[in-house]
Amino acid sequence: MVYWTDLTYEDFKKIDHDKTLVILPVGSIEEHGPHLPLSSDTDQAIFVANKISEKIDSLILPAIYYGNTDLDDFEGTITVSFNTLNSLILEILKSVVKWKFTKILIISGHAGSIHMAAIRDAALKIVRENPVKIMFLSDYDLAYELRGKLVPENDSHAGLIETSRMMVIRPDLVKNNFKYEFNGKGRFMIIDNYSSIYPYGTLSDPTGANAEIGKKVNDYVIEKMVQLIKENFF
């Protein structure tokens, strides 16, 4: 793997820009229950980026740890606005394009709707104005394809999949105090305080999580993402 920040400006002159994939990992600083660290989304995005770079000639940009989340009534969570995230992604992409890179992959470990919309809008502006290809997705767009197969259909934030993945990616930060409780509200309701519904910050039950499941999910995500990259970029 090659990190963008490890190179000198002279090194960049030697890169084959048309054949090099630039990867931007994006995450969030967000609660993930009492058992997972606030860095979970970013840790997963970085892990995926590193694994992809082992299979495809890539340059990995420094990860963005800040994202937009509506779980900010839980202690420690940090959220930024749509406009802030949108502007940051846009400015980063402008610089990448300025240096003649034409293939960009943005991986978000966080999949909140406002968060994803902010990034997608920035990427769309770049594609409309430059002869570049940008792929943008959350690794959970792929991981959740395993719901109803490897894990329960309703698996969600800080649940069985995410906990299992983190047992592989950052086992040193995973705690064993799994807790889940749901104080239900109706569908389509606007929620301003998620801790009133999910008091432990787990949106599904992590019970049963293990590293074996985590490896299967991670392998699936990497395999599918590499396939998508080859189909769309090379």
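Position 1 is the first residue of the sequence; numbering continues from there. Only heavy atoms go into these numbers, but all of them, side chains included; no hydrogens, no water, no symmetry mates.
Between the side chains of Glu30 and Thr69, at least one donor N or O lies within less than 3.5 Å of an accepting N or O. Between Asp11 and Thr8, the side chains place a donor N or O and an acceptor N or O closer than 3.5 Å (distance only, hydrogens not considered).
Leu105 has its side chain out of reach of Val22: every pair of non-hydrogen atoms, C-beta onward, lies at least 4.5 Å apart. Residues Val2 and Ser58 are not in side-chain contact: their nearest non-hydrogen atoms beyond the backbone lie 4.5 Å or more apart. In this structure, Glu162 and Ser40 have side chains that are in contact, with non-hydrogen atoms separated by less than 4.5 Å. Side-chain contact check for Glu129 versus Val97: every heavy-atom pair is 4.5 Å or farther apart. When side chains are defined from C-beta on, Phe47 does not count as touching Arg170, because their heavy atoms never get closer than 4.5 Å. Using a 4.5 Å heavy-atom threshold, the side chains of Ile56 and Val226 count as touching. For the pair Ile197 and Ile191, the minimum side-chain heavy-atom distance is below 4.5 Å. Between Met166 and Pro37, some side-chain heavy-atom pair lies under the 4.5 Å cut-off.
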Decide yes or no on side-chain hydrogen bond (donor to acceptor under 3.5 Å, both in side chains) for Ser195 and Asp73, but give the supporting numbers first.
-> CA-CA 7 Å; Ser195 60; Asp73 56 310; 2.6 Å; yes

Evaluate the criterion side chain to side chain contact (heavy atoms under 4.5 Å, CB included) for residue pair Met225 and Leu137; output intermediate values, then yes/no.
-> CA-CA 9 Å; Met225 204 167 291; Leu137 73 162; 3.9 Å; yes

Apply the test side chain to side chain contact (heavy atoms under 4.5 Å, CB included) to residues Phe182 and Tyr198: give CA-CA distance (whole Å), side-chain angles for both, the deciding distance (0.1 Å), then the verdict.
-> CA-CA 5 Å; Phe182 174 56; Tyr198 300 98; 3.4 Å; yes

Take His35 and Asn176 through the test side chain to side chain contact (heavy atoms under 4.5 Å, CB included) and record every step on the way to the result.
-> CA-CA 6 Å; His35 62 293; Asn176 293 321; over 6 Å; no

Salt bridge (Lys or Arg N to Asp or Glu O under 4.0 Å) assessment of Arg165 paired with Asp139 = CA-CA 11 Å; Arg165 294 186 70 195; Asp139 48 346; 2.9 Å; yes

Given the rule in the side chain to side chain contact (heavy atoms under 4.5 Å, CB included) test, do Ile229 and Leu21 qualify, once you have shown the distances and angles that lead to the verdict?
-> CA-CA 9 Å; Ile229 291 167; Leu21 177 69; 3.9 Å; yes

I would like to know whether Glu212 and Lys216 meet salt bridge (Lys or Arg N to Asp or Glu O under 4.0 Å); could you show each step before the answer?
-> CA-CA 6 Å; Glu212 182 179 354; Lys216 289 180 180 178; 3.7 Å; yes

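The shortest heavy-atom contact between Ile46 and Pro25 is N-CB, 4.1 Å. Of all heavy-atom pairs between Thr5 and Pro62, the closest is CG2-CG, 3.4 Å. In this structure, Ala123 and Leu93 approach most closely via the heavy-atom pair CA-CD1, 3.9 Å. Minimum heavy-atom separation, Phe233 to Ile104: CZ-O, 3.4 Å. Ile114 approaches Phe82 most closely through the heavy-atom pair O-CD1, 3.8 Å. Of all heavy-atom pairs between Ser108 and His115, the closest is OG-NE2, 2.9 Å.
Within the model, atoms CG of Leu150 and CG of Leu160 stand 8.0 Å from one another, a figure rounded to the nearest 0.5 Å. One finds the CD atom of Glu31 at 5.0 Å from the CG atom of Leu71 (value rounded to the nearest 0.5 Å). If you take OG1 on Thr202 and NE2 on His157, they are separated by 8.0 Å, rounding to the nearest 0.5 Å. Between Leu228 atom CG and Glu223 atom CD the span is 11.0 Å, to the nearest 0.5 Å. Of the inter-residue distances, the one linking Ile126 atom CD1 with Glu91 atom CD reads 8.5 Å to the nearest 0.5 angstrom. The distance from atom CG of Asp57 to atom CD1 of Ile15, rounded to the nearest 0.5 Å, is 8.5 Å.
Hydrophobic clustering of Ile, Leu, Val, Met, Phe, Trp and Tyr side chains at less than 4.5 Å, counting indirect connections, keeps Tyr66 apart from Ile23. Taken together through direct or relayed side-chain contacts under 4.5 Å among Ile, Leu, Val, Met, Phe, Trp and Tyr, Ile64 and Phe136 form part of one hydrophobic cluster. The same ILVMFWY cluster, assembled from side-chain heavy atoms under 4.5 Å apart, contains both Trp99 and Leu88. The hydrophobic clustering, which links ILVMFWY residues whose side-chain heavy atoms are closer than 4.5 Å, places Leu85 and Leu38 together. The cluster map of Ile, Leu, Val, Met, Phe, Trp and Tyr, joined by side-chain heavy atoms under 4.5 Å apart, puts Tyr65 and Ile78 in the same cluster.
Looking at Thr42, Asp41, Asp43 one by one, the single match for side chain to side chain donor-acceptor pair (under 3.5 Å) with Ser39 turns out to be Asp43. Each of Pro206, Ser204, Ser164 was compared with Asp155 under the side-chain contact (heavy atoms from CB on, under 4.5 Å) criterion, and only Ser204 meets it. Tested against Leu24, the residues Ile89, Ile107, Ile134 include a single side-chain contact (heavy atoms from CB on, under 4.5 Å) partner, Ile89.
With a 6.0 Å radius and a threshold of 12 heavy atoms from other residues, nucleotides or ligands, Glu54 has its CD atom above the threshold. The number of heavy-atom neighbours closer than 6.0 Å to CD of Glu145, taken from other residues, nucleotides and ligands shown, is above 12. In the displayed structure, Tyr140 atom OH is contacted under 6.0 Å by more than 12 heavy atoms of other residues, nucleotides or ligands. Atom OH of Tyr9 is surrounded by 12 or fewer heavy atoms from other residues, nucleotides or ligands within 6.0 Å.
Ring centroid separation for the pair Phe101 and Trp4 comes in under the 6.0 Å cut-off. Ring-centre distance between Tyr194 and Phe74: not below the 6.0 Å cut-off.
With hydrogens and angles disregarded, a donor-acceptor distance shorter than 3.5 Å links the side chain of Ser53 to the backbone of Asn50. With hydrogens and angles disregarded, no donor-acceptor distance shorter than 3.5 Å links the side chain of Asp205 to the backbone of Tyr180. Listed for the Lys175 side chain is no donor-acceptor partner under 3.5 Å among the backbone atoms of Pro34. A donor-acceptor pair is defined here as one N or O able to donate and one able to accept, closer than 3.5 Å; no such pair exists between the side chain of Thr20 and the backbone of His17. A side-chain donor-acceptor contact under 3.5 Å links Ser87 to the backbone of Asn83. Under the 3.5 Å distance criterion, the side-chain polar atoms of His110 are matched with a main-chain donor or acceptor of Asn68. Between the side chain of Asn210 and the main chain of Gly208, a donor-acceptor pair closer than 3.5 Å is present.
Under a cutoff of 6.0 Å and an axis angle of 45°, Lys215 and Tyr220 do not form a cation-pi pair.
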